[in-house]
Amino acid sequence: MRDAAPQTIYLRDYTPFGYLVDGVELTFRLHPTRTRVMSRIRFRPNPEATDHRFFLHGEGLTLISAAIDGRQVSPEPVEGGLVCPAPDAPFTWEAEVEISPETNTALEGLYMSNGMYCTQCEAEGFRKITYYPDRPDVMAPFSVRIEGGENILLSNGNPGAAGAGFAEWHDPWPKPAYLFALVAGDLVNHPDSFTTRSGKQVALNIWVRPGDEGKCAFGMQALKDSMKWDEEVYGREYDLDIFNIVAVDDFNMGAMENKGLNIFNSSAVLASPETSTDANFERIEAIIAHEYFHNWTGNRITCRDWFQLCLKEGLTVFRDAQFTSDMRSASVKRISDVIALRARQFREDNGPLAHPVRPDSFVEINNFYTATVYEKGAELIGMLKTLVGDKAYYKALDLYFERHDGEACTIEDWLKVFEDATGRDLGQFRRWYEQAGTPRLTVSEEFNNGTYTLHFEQKTPPTPGQDVKDPRVIPIAVGLLGANGDELRETTVLEMTEATQSFRFQGLAARPVPSILRQFSAPVILERETSSAERAFLLAHDTDPFNKWEAGLSLAREGLMAMICDGAAPDAAYLEAVQMMARDDSLDPAFRALALGLPSQDDLAQALFDAGHTPDPQAIWEALETLRQAKAQAMQDLAPRLYAQYQVTEPYQPDAAQSGARALANAALAMITRLDGGAQAQRQYDSATNMTQQLAAWSCLLQAGNGAAATGAFYDQWRHDRLVIDKWFMLQILHADPADAADTAARLTEHLDFTMKNPNRFRATLGGLTASPAGFHHASGKGYALLADWLIRLDPVNPQTTARMCSAFETWRRFDADRQALIKAQLERILDTPDLSRDTTEMVTRILAAR
Ligand code: TRP
Ligand code: ZN
């Protein structure tokens with residue numbers, strides 16, 4: 001498809017649709033290959049529009065008949081839909097189309113998963129269901145009738161009439177088409193109910209395939225906790241009589257916030273102690289909250305166009321992070337989020353796929369559901385809250401809900417609400433939405449006569465299409481510590497607005513130790529030259545848990561860089577400091593588990609590249625292994641003590657306290673395994689009664705090269721559970737020796753249980769390979785070739801998932817000439833594939849354009 005240059009859409013070209021929609025009635029006559037969709041849509045000319053061409057989106061639809069005000073019409077097919085002469089007055093459009101859900105493998109529109117009908121319409125999937133103005137600024141109430149035999153039949157809103165083989169649903173809240181949903185299948189429910197604070201009863205259901213009923217209780221509790229939390233913290237109540245969640249096995253992403261009918265990847269909702277890890281439970285709780293919170297931030301107030309995606313996603317990610325912080329440990333959540341932000345968003349922001357939180361152009365919108373829009377988008381909300389303060393933040397949010405309920409909004413609307421609520425000018429803040437790239441914040445210091453000065457300089461490197469960057473407003477949370485670890489100055493937020501700026505602290509008896517960017521108050525890269533003694537001091541004494549963790553990580557990173565670049569031995573100062581930290585029983589075990597962690601391979605590659613080196617993935621892997629071995633040696637007494645002390649003896653609970661204890665004990669097990677070759681891990685594997693313990697033990701065994709027996713046993717035990725078998729696929733590849741990772745992945749693609757049609761399985765396998773940088777970047781190029789082979793195969797089946805996985809190649813310019821040549825050849829091979837999707841074409845083209 002290299003020649004059929006796909007069209008670029010620009011934010012600046014936005015115009016409102018020529019018509020308003022007063023009501024939508026849909027009837028579905030379900031059939032695997034010949035589903036009929038009848039629509040009756042009431043249109044009215046939009047007084048605010050100038051262009052009244054009647055264009056409806058439609059893709060892959062067979063039009064059976066169309067009528068306007070009861071008279072048959074013959075619309076003209078055009079690129080991406082149809083146009084039809086329409087009256088300059090209110091009118092009713094009726095159409096009947098035929099579609100084939102069973103052959104829809106893209107998992108967008110109406111499709112089938114294990115015999116169950118389901119839909120995914122965000123962003124532009126509704127146009128695969130019927131002809132419609134498929135854009136988020138067209139909002140309407142929907143009534144739906146489903147004719148579907150013996151099945152459970154679900155759609156948005158409140159239930160209406162139902163009988164043998166049919167059900168009707170009515171959603172009174174005007175919504176854009178991307179929030180439409182329909183589900184039909186042999187489903188069983190886990191029911192419950194919730195009473196809102198104004199006393200309204202809401203029926204709650206989680207719908208699953210028979211056999212999965214036992215895995216719903218945790219998700220249901222998370223839903224009720226979310227409903228209560230949104231009432232208490234944001235004053236937001238639920239607004240329908242019923243809230244349904246459905247678990248689907250074949251799904252491109254985590255979950256979808258369809259009004260009153262959330263659809264979930266089964267991995268994002270089904271949970272049991274035997275089959276789910278602590279991390280799975282926490283993720284499920286967060287995703288349920290996320291989708292529920294969209295009911296207000298996304299559904300009641302939606303986006304004017306897809307460029308405004310961060311309006312709902314950034315805010316909703318921020319809200320779900322607040323929720324998790326309240327339910328669990330706030331500092332542990334913050335540290336985990338920053339780890340993920342750096343791994344995914346910083347990587348994106350510093351490569352060829354960098355784009356603003358609010359992009360100004362795209363080819364395929366599905367390619368913009370990114371870490372930048374979601375995670376950096378959430379960071380922007382956090383910075384706003386820090387800048388205006390908590391009280392003003394909630395005042396602005398109240399105004400946002402009051403002013404914009406029922407509307408499709410822009411980032412300008414959002415910032416205006418904050419300006420009106422606080423009287424602040426947010427003109428400079430807007431640059432965070434408009435300019436891509438991660439700012440580098442360098443800091444130097446001075447101490448004179450009791451005055452301590454911090455000098456900051458901010459610089460953002462160029463990103464594709466944006467060479468010049470303007471200074472941004474950066475909230476820098478700073479505290480000062482004394483030599484004995486006392487907090488001399490509590491956290492204050494410095495507001496940096498200039499390219500260079502200095503801040504003074506007066507009346508200090510001696511030079512303090514600064515703790516800068518506490519809680520990671522801005523998504524920047526802080527560059528500060530300091531001694532390892534000072535980092536060790538901060539790891540021991542900083543009162544800010546984030547910076548305490550950060551100090552240990554920086555210490556580890558510097559030691560690793562010295563090992564890689566200068567052949568240094570593992571840093572004794574780090575080993576000493578991290579051991580003192582781990583030994584401190586006053587610290588939360590979950591925190592200690594995190595602080596025992598090392599920078600990722602990718603983090604080190606980026607750090608080496610930034611420091612002017614060419615990262616060698618194998619050397620990075622070896623340095624990490626050497627350091628881990630040295631750490632295990634250094635902690636040979638402490639690790640068994642921690643392991644014993646943090647065994648959980650109470651019945652399994654996926655709460656913060658128990659998961660923290662297990663995380664620390666399992667970090668200790670990893671160290672023990674490096675010395676005993678897996679004896680302890682095998683004992684844990686054999687006696688494990690929950691997946692967290694079982695998986696941790698098996699991972700240790702795999703890493704020790706002694707996993708074969710457990711690998712076989714694990715498969716035999718779990719062969720009937722798709723979600724657990726995904727773990728089985730992934731971990732074997734992840735923990736393989738780098739030289740074998742690609743071969744292991746290749747071998748597993750030949751396993752009977754491998755199928756590329758299931759995105760979870762595909763991601764477990766090929767994503768397992770790309771999650772092992774030394775394996776993926778093996779000098780032979782076999783990792784690159786294997787991934788490219790499978791992306792080429794998957795593209796015609798599922799373009800969305802193919803395109804997302806292309807980002808494994810986004811860092812290619814970091815590496816040596818040989819690896820760059822190997823990757824470039826694979827990218828060109830993908831691009832030369834006949835009929836390559838628009839999704840994948842856009843991604844590969846952008847990656848190849850990297851300078
Ligand atoms: N809006 C969804 C969320 O944030 C994510 C989403 C977007 C999605 N497009 C999708 C999910 C396609 C599944 C498939 O939760
Ligand atoms: Zn979302």
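One is the number of the first residue; the rest follow in order along the sequence. Any value given below was found using the heavy atoms of this structure, including those in side chains, with hydrogens, waters and symmetry copies removed. Counting starts at 1 for both ligands and their atoms, in listed order.
Residue-ligand proximity, Glu291 to ligand 1, at heavy-atom distances under 4.0 Å covers atoms 3 (C), 15 (O). With ligand atoms numbered from 1 in the order given, ligand 1 contributes 1 (N) to contacts under 4.0 Å with heavy atoms of Lys312. Ligand 1 places these atoms under 4.0 Å from at least one heavy atom of Glu257: 1 (N), 2 (C), 3 (C), 15 (O). The atoms of ligand 1 that sit less than 4.0 Å from any heavy atom of Tyr369 are 7 (C), 9 (N). Each of the following atoms of ligand 1 lies closer than 4.0 Å to a heavy atom of Met256: 1 (N), 2 (C). Near Tyr374, with a cut-off below 4.0 Å to any heavy atom, the atoms of ligand 1 are 1 (N), 2 (C), 3 (C), 4 (O), 5 (C).
Annotation: Glu313 places an N or O atom under 3.5 Å from an N or O atom of ligand 1; distance criterion only. At least one N/O-N/O distance between Ala255 and ligand 1 falls below 3.5 Å.
Classification of Arg722 and Asp726 as a salt-bridged pair fails, no side-chain N sitting under 4.0 Å from a carboxylate O. With salt bridges taken as basic N to acidic carboxylate O contacts below 4.0 Å, none links Asp186 and Arg209. The pair Lys727-Asp721 fails the salt-bridge criterion, with no side-chain N (NZ, NE, NH1 or NH2) lying under 4.0 Å from an Asp/Glu carboxylate O.
By the 4.5 Å heavy-atom criterion applied to side chains, Ile129 and Phe126 are counted as neighbours. Using a 4.5 Å heavy-atom cutoff, the side chains of Trp207 and Asn244 are in contact.
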### Task
Could you walk me through whether Tyr117 and Thr35 pass the side-chain hydrogen bond (donor to acceptor under 3.5 Å, both in side chains) test, one step at a time?
CA-CA 11 Å; Tyr117 293 88; Thr35 288; 4.9 Å; no
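When each of Glu379, Arg344, Glu348 is tested with Thr372 by the rule side chain to side chain donor-acceptor pair (under 3.5 Å), just one qualifies, namely Glu348. With His290 as the partner, the side chain to side chain donor-acceptor pair (under 3.5 Å) test is satisfied by one option alone out of Glu257, Glu313, Arg319: Glu313.
The nearest protein atom to atom 8 (C) of ligand 1, hydrogens excluded, is given as Met253 CE, 3.5 Å; this is a heavy-atom distance. In terms of protein heavy-atom proximity, atom 12 (C) of ligand 1 is closest to Gln120 NE2, 3.3 Å. The protein heavy-atom contact nearest to atom 1 (N) of ligand 1 is Glu122 OE1, 2.5 Å.
Taking a 6.0 Å sphere around CD of Gln519, one finds it holds 12 or fewer heavy atoms contributed by other residues, nucleotides or ligands.
The minimum distance between the Zn ion (ligand 2) and any N, O or S atom of His294 involves atom NE2. Nearest N, O or S atom of Glu313 to the Zn ion (ligand 2): atom OE1.
Contact detail for Met383 and Phe429: the closest heavy-atom pair is CB-CE1, 4.0 Å.
At a cut-off of 2.8 Å, Glu257 is not counted among the residues with an N, O or S atom near the Zn ion (ligand 2).
Residue contacts with ligand 1 leave out Glu108, since none of its heavy atoms falls under 4.0 Å from the ligand.
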